[in-house]
Undergrad: 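Shown below is the structure under consideration.
For clarity, every value in this text was computed on a predicted model and none was experimentally measured. We name chains A, B, ... by the order of the sequence lines, and we start the count at 1 in each one. Heavy-atom basis, side chains included; hydrogens, waters and symmetry copies ignored.
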Amino acid sequence: MPTAFPLPSDLSPATVTNTASLLRIVALSLISGAAIASRLFAVINFESIIHEFDPWFNYRATRVLASKGFYEFWNWFDPTAWYPLGRVVGGTVYPGLMATSGVIYNFLHALNLPVDIRNICVMLAPGFSALTAWATYMFTKELKDESAGLLAAAFIGIVPGYISRSVAGSYDNEAIAIFLLMFTFFCWIKALKLGSALFGTLAAVFYFYMVAAWGGYVFITNMIPLHGLVLILMGRFSSRLYVAYSSWYAIGTLSSMQVPFVGFQPVSTSEHMAALGVFGLLQIVAFTQLVRSHVSSKQFQDLLFLALVTVGLLGFVGVVGLTYKGVIAPWTGRFYSLWDTGYAKKHIPIIASVSEHQPTAWPSFFMDLQFLIFLFPAGVVLCFHQLRDEHVFVIIYAAMASYFAGVMVRLMLTLTPVVCVASAVAFSSLLDTYLDAAEPAEAADDASETASASGSNSGSKKAKKATASAATPGSALGDIVAAATPAKKGEKVKGIFGLDTRLAIIVNAFGMLAFFVFHCTWATANAYSSPSVVLASTNPDGSQHIIDDFREAYYWLRQNTPETAVVMSWWDYGYQIAGMADRPTLVDNNTWNNTHIATVGKAMSSSEEVAYPILRKHDVDYVLVIFGGLLGYSGDDINKFLWMVRIAQGVWPEEIQEPNYFTPQGEYRVDDKASTAMKNSLMYKMSYYRFAELFGGGQATDRVRQQQVPKIGPTLDYLDEAYTTENWIVRIYEVRKEDLLGRDLKSANAFAKGKKRKRSKPVSRRRAIVN
Amino acid sequence: MPPKSAPAANAAPSSAVQTLWKAYNDSTSDRLKFIDAFLVFLMLSGIVQFAYCVLVTTFPYNAFLSGFGSTVGQFVLTASLRSQVNPENKNEFKDVSPERAFADFALGSIVLHFFVFNFLG
Amino acid sequence: MLSFYSLPLFFLSLAGLLHAKSSDGDSVLVLVENAHKKDFSLFFDDLKEQGYSLTFRAPKDEKPAVVEYDVPAFSHIIILASESKNFAKDITPQSLVEIVSGGTNLLIGLSPKQTPLSSLAAEFSLVLPPPGTPLISFFPERKDPVSVIPIDASLPSTILPAMSPVWFSGVPFAHGNNPRLVPILHAPAESFAADSQGGADVLVDATEKGGEGLWAGSQLSVASGFQAAGGARVTWLGGVDMLSDKFFKKQVSKAKSGNARFAREVSAWTFQESLVLRIDSTTHHLVNSTTPEEHYTTNDNIVFTAHISRFHPKTATWEPYSGIKDLQLEFTMLDPHIRTALPAVAGSPGTYSVTFRAPDRHGVFKFVVDYKRKGWTHLHSSTTVALVPPRHDGYPRFLSAAWPYYAGAISTSVAFFVFSAAWLAGESREGKKAKGGKAQ
């Protein structure tokens, strides 16, 4: 057989296999190394610090777990969160992440390696990303072959869409959840392929781990049943499906209910009903199959089919009825917002106010996935081409995840693995086709023969098929290339000729890979490694300047306030205050109580007189606001202010109205033309208090909103400025106690400043005359 | 069942059930029958528990779920075992030998019972 | 009648000789013009007898300073310099409020003229009549000027016991809407604020001058107490003459006037001698335990105990006090979830205790005792405690209602083992059979 380039011929098959597996192991370990290393930008550029908001809570919870043990953690009631409601932490977290860190911590300490719990937390996500690469390898291997698996592993290892959630310090549920997601899917595919209850059980156990780790487990809960259902509808029911699904569902559901936060949801909420329905359906279908194997009467089969449909319909009606009656909880708001992107904004502003719940912008697809986004459809098409059971799974996964990723930014994360898998399948098909040394020479002869002898059409067809399969053994792309060309022009031979075509394609392909690596490295280093607790800017000379206002403020609180001092801030900063300042907070990122958040929103958006009783009632000692006007930090509270107004309006529509905060022209302004409600709001006053003084009589400019702030700034009677950080990003105000003479604080303040009070008339004078 | 098929069904089931039963008796090996006996026991146990839950009390809901779940789980695992060791399905389960099937079954059951007893109290 | 009144007075003054002291300290600064110092000698002597050490200072003197190193230098300040328009720099309305917030008690006498003190009075929710209009009354008929009025004090109030009429000369004031004000002595019903030089048309003039009407009647006060949030007490007198030797000695309907007694009682109240309470300690614990917990479980039975003492000026000691009948305990999270009486425990003086069942609601709760009665020291105590849900093993297990489920689960497990054993046995038998078959 002619080859395009010389191949060594003196290798025994055993040597080839051994070398290939060694190379695979080396490649996988290199991929793991790259995956971990590229996530360390955050540590190198900044420091070993917990990032963002939610990780701070996870970190704090992990510390409790590590210091007090699992049972205390399970029963942990945190009186400092949601003051004064408190939070039953043990029953309202997914403990998988903390438990994982706790196990690692105890394991290392048992080995006498005194590793700090913070470093474990920081390094957990990179570590698990290596495992994710491995799980993706296994998964893709089941789809195609090892080389596609390696490619997929390499892609998932460095793709920005996944790195964005798993850099060192990004200690969040997603850090381990993606590994669990991929591994559960792998077990499921494997169980389905083999019809093995063992892998079904494994899938269930990892599903349990996933349930314990991330609320996104619902994705698995619905993906696997959907896959099962599609297979049944495609007429692909088999005992293997029955074994795999039944063992997964029976054990998985029972185990998922062990997680306190999930509780009875798997049997009582709509999100989980699909899995239950498919389970029931499978039992019926299996029973039917059993009966059918014993009886072969046509009429009887019809009867059974009818019964099947009836039972299915009854079941559906039953579920709907139970939902209507309230036995089964209806869909939650978050679920609705998946289908109607405007739903959340209308009905649940608290969900819409989270930036990661916004619909995804197109550029971010390219930013997160780069050239994979182009390869992805090709991979899906290749899946159609083979369409074994596992390919059906990938197709469904791809369709669902693409939709969800378009609806919510954070769900980009669930799309990323399938993009990597499908792209790897496509890319490795390409490489398989073009790296294969076999020349379609035989076919060329054949073709020339058929060209001369036009009569033997069928023979040439056969030959062509043989050529194609010889040229690209096991390559789907070759088939597609073959299938795409019209059959009647069978004279034309399919295949890759010569070294130049190969080189052109291969060089291109590797060029794309190289660009991908560059892009990933760049995106990781520049976009996704910022801890957002510490900000970085560049000095004129190019050196890095660290803006550390958040920690400055939190440590000020920690050092200068009593331990019981309650701090009020918008909920974004709740976890950070609890984690870094160790002070009770009113609301935090666990947004479970809308009314409490709306109370804070109301306090922030009302005038001082209205806000003060709210503050006193909740024992607030300090109020913390984020103000970016001096530095141009756009994620500040004034920019979030409208959400506070909206959320407060949802609870007190008579007192807070969003239009009041706009100018009559409908503009959102903070300058002279700002509306009265805006200017009187506590948030405005706290943000701009004494801001103009900073400009020494010059024109004070808010650099975020590019507006001129009034020269005479707002005054505060009920709050005292306690601390403002270096760049004015965090401002802390102390709430005054009630006046000791029982006056309202406004007049007390006026008196203290030496202003003459108006002579007041006695209140009870008229009565005095009567008496 | 829809009324349309009622007349047909009237005549069919009695004979159909008989033929079914006969065919079952003839073509099923003793081992499979043994499994089926176990399945029937599990089903009865499950029905009793479900009836108790519906008719008397759902109060310790977790106990009900674990008790009922254990019968259902055991049932489907045993049914899986049944289909795996069934000689008719030989070509579907190429990689699963009967011994392997039993090992899978045992492992799955042990995991199941672990969760059942964890959830029971 | 006279002996009836004077006998206890005698004993009281005798008891006063036993070196009574304020619960707050005994250093008193008296701001008085040097010229008027001797007018109040009886009052000062009485205070000295009570054990106070008096320091005198003219209003314009700089020394001794009222506040030294940010700490008030005196426990009590008496301002009798009512006529002064100007005070030294460190005595301004603002600084006086500061001093009160530091816990210093004030006894202030007003004058009909507009002085800095009049503007201070407004901060204490006292509303003064227009300047230059003292209280006058034509009743009862007497030789004295109309602005020197005997005020009947025969009805006992919280601060004053029943006593002989008290001579008064000065301005009345109306009370603003402030719960911290405590009326001590009301103006007579037939008195009114007017220009005393006015002659016959005085009533008409006063009505016009008052703007909207006449400043008259018994709702006006001539002496009022004020309890500031920090615990300091401030007493406002309509005129300083009430404390003067002249009024002390002046007779009312041929009996001795009540002014000396009035001065004693008012200064005793102002200087934290009488009606002084404090919460010594509060504890809380479970019913069958004695040590306080960091947190309680919902529906626990909790015992809350408060120990309250009252200051006894005669012995200058704090003694347990069980006399409060209407003490309440609130168990509060945002709103009181439980509000219950906190009764005194019989046989254990000064102890108030109550047992209650915690609400079925977790959160951060506070035990709040908030006792505010006019004249008495305001008692406030707040203890924070978390109320947590039951632990995971704190719920009842093994319910009788669940036995079918237990039986079901256990029978399934047992059946599983039996089945497995039988299966394995069958397998080995079958294996033998198969082997046997092969062998044959």
Undergrad: Could you give the distance from NZ (A/Lys617) to OG1 (C/Thr332), rounded to the nearest 0.5 Å?
TA: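 Here the interatomic distance stands at 11.0 Å.
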Undergrad: Out of C/Gln227, C/Lys366, C/Arg361, which one racks up the most heavy-atom pairs below 4.5 Å with chain A?
TA: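 Option with the greatest count: C/Lys366.
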Undergrad: If you tally heavy-atom pairs under 4.5 Å against chain C, which of A/Asp78, A/Asp739, A/Leu85 wins?
TA: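 The candidate making the most pairs under 4.5 Å is A/Leu85.
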Undergrad: Would you find more than 12 non-hydrogen atoms of other residues, nucleotides or ligands less than 6.0 Å from A/Tyr71 atom OH?
TA: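 Open.
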Undergrad: Looking at C/Asp70, I want to see if its CG is surrounded by more than 12 non-hydrogen atoms of other residues, nucleotides or ligands under 6.0 Å.
TA: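 It does not: C/Asp70 CG has 12 such atoms or fewer within range.
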Undergrad: Indicate, with yes or no, if the rings of C/His295 and A/Phe77 have centres closer together than 6.0 Å.
TA: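 No, they do not, as the ring centres are separated by 6.0 Å or more.
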Undergrad: Does A/Leu740 reach the side chain of C/Val100, with side-chain heavy atoms less than 4.5 Å apart?
TA: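 They are in side-chain contact.
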Undergrad: Please look at C/Pro93 and chain A and tell me whether the side chain, the backbone, both or neither of the residue comes under 4.5 angstrom of a heavy atom of that chain.
TA: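 Both backbone and side chain of C/Pro93 come within 4.5 Å of chain A.
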Undergrad: Look at C/Pro390, C/Ser125, C/Ala232, C/Ser101 and state which one has the largest set of heavy-atom pairs under 4.5 Å with chain A.
TA: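 Top option by heavy-atom pairs under 4.5 Å: C/Ser101.
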Undergrad: Looking only at non-hydrogen atoms, find the nearest pair between A/Leu741 and C/Phe124 and report the distance.
TA: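 Shortest heavy-atom contact: CD2-CE2, 3.5 Å.
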Undergrad: Quick one: does C/Asn178's side chain have a donor or acceptor within less than 3.5 Å of a partner on A/Arg743's backbone?
TA: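 Pair absent, no side-chain N/O of C/Asn178 close to backbone of A/Arg743.
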Undergrad: I'd like to know whether NZ of C/Lys113 has more than 12 heavy-atom contacts from other residues, nucleotides or ligands below 6.0 angstrom.
TA: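 Incorrect, the count does not exceed 12.
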Undergrad: For chain C, which candidate among A/Pro79, A/Pro260, A/Pro584 shows the most heavy-atom pairs at distances under 4.5 Å?
TA: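 It is A/Pro79.
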Undergrad: Is it the side chain or the backbone of C/Phe173 that comes within 4.5 Å of chain A heavy atoms, both, or neither?
TA: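 For C/Phe173, no heavy atom lies under 4.5 Å from chain A.
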Undergrad: Is it the side chain or the backbone of A/Asp619 that comes within 4.5 Å of chain C heavy atoms, both, or neither?
TA: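 When you check distances to chain C, only side chain atoms of A/Asp619 fall under 4.5 Å.
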Undergrad: So which of A/Lys737, A/Glu72, A/Arg87, A/Glu738 has the biggest tally of heavy-atom pairs under 4.5 Å with chain C?
TA: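 Option with the greatest count: A/Glu72.
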Undergrad: Go through the atoms of C/Val234 and report whether side chain, backbone, both or neither lie under 4.5 Å from a heavy atom of chain A.
TA: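 It is neither, since no heavy atom gets under 4.5 Å.
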Undergrad: Can you tell which part of C/Arg180 gets under 4.5 Å to a heavy atom of chain A, answering side chain, backbone, both or neither?
TA: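 The side chain, not the backbone.
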Undergrad: Between C/Gln94 (side chain only) and A/Phe751 (backbone N and O only), is there a donor and an acceptor less than 3.5 Å apart?
TA: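 At least one qualifying donor-acceptor pair exists.
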Undergrad: Where on C/Leu181 is there a heavy atom nearer than 4.5 Å to chain A: the side chain, the backbone, both, or neither?
TA: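 Contact with chain A: none, neither part.
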Undergrad: If you take all heavy atoms of C/Val364 and A/Tyr83, which pair is closest and at what distance?
TA: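 Heavy atoms of C/Val364 and A/Tyr83 come nearest at CG1-CE1, 3.8 Å.
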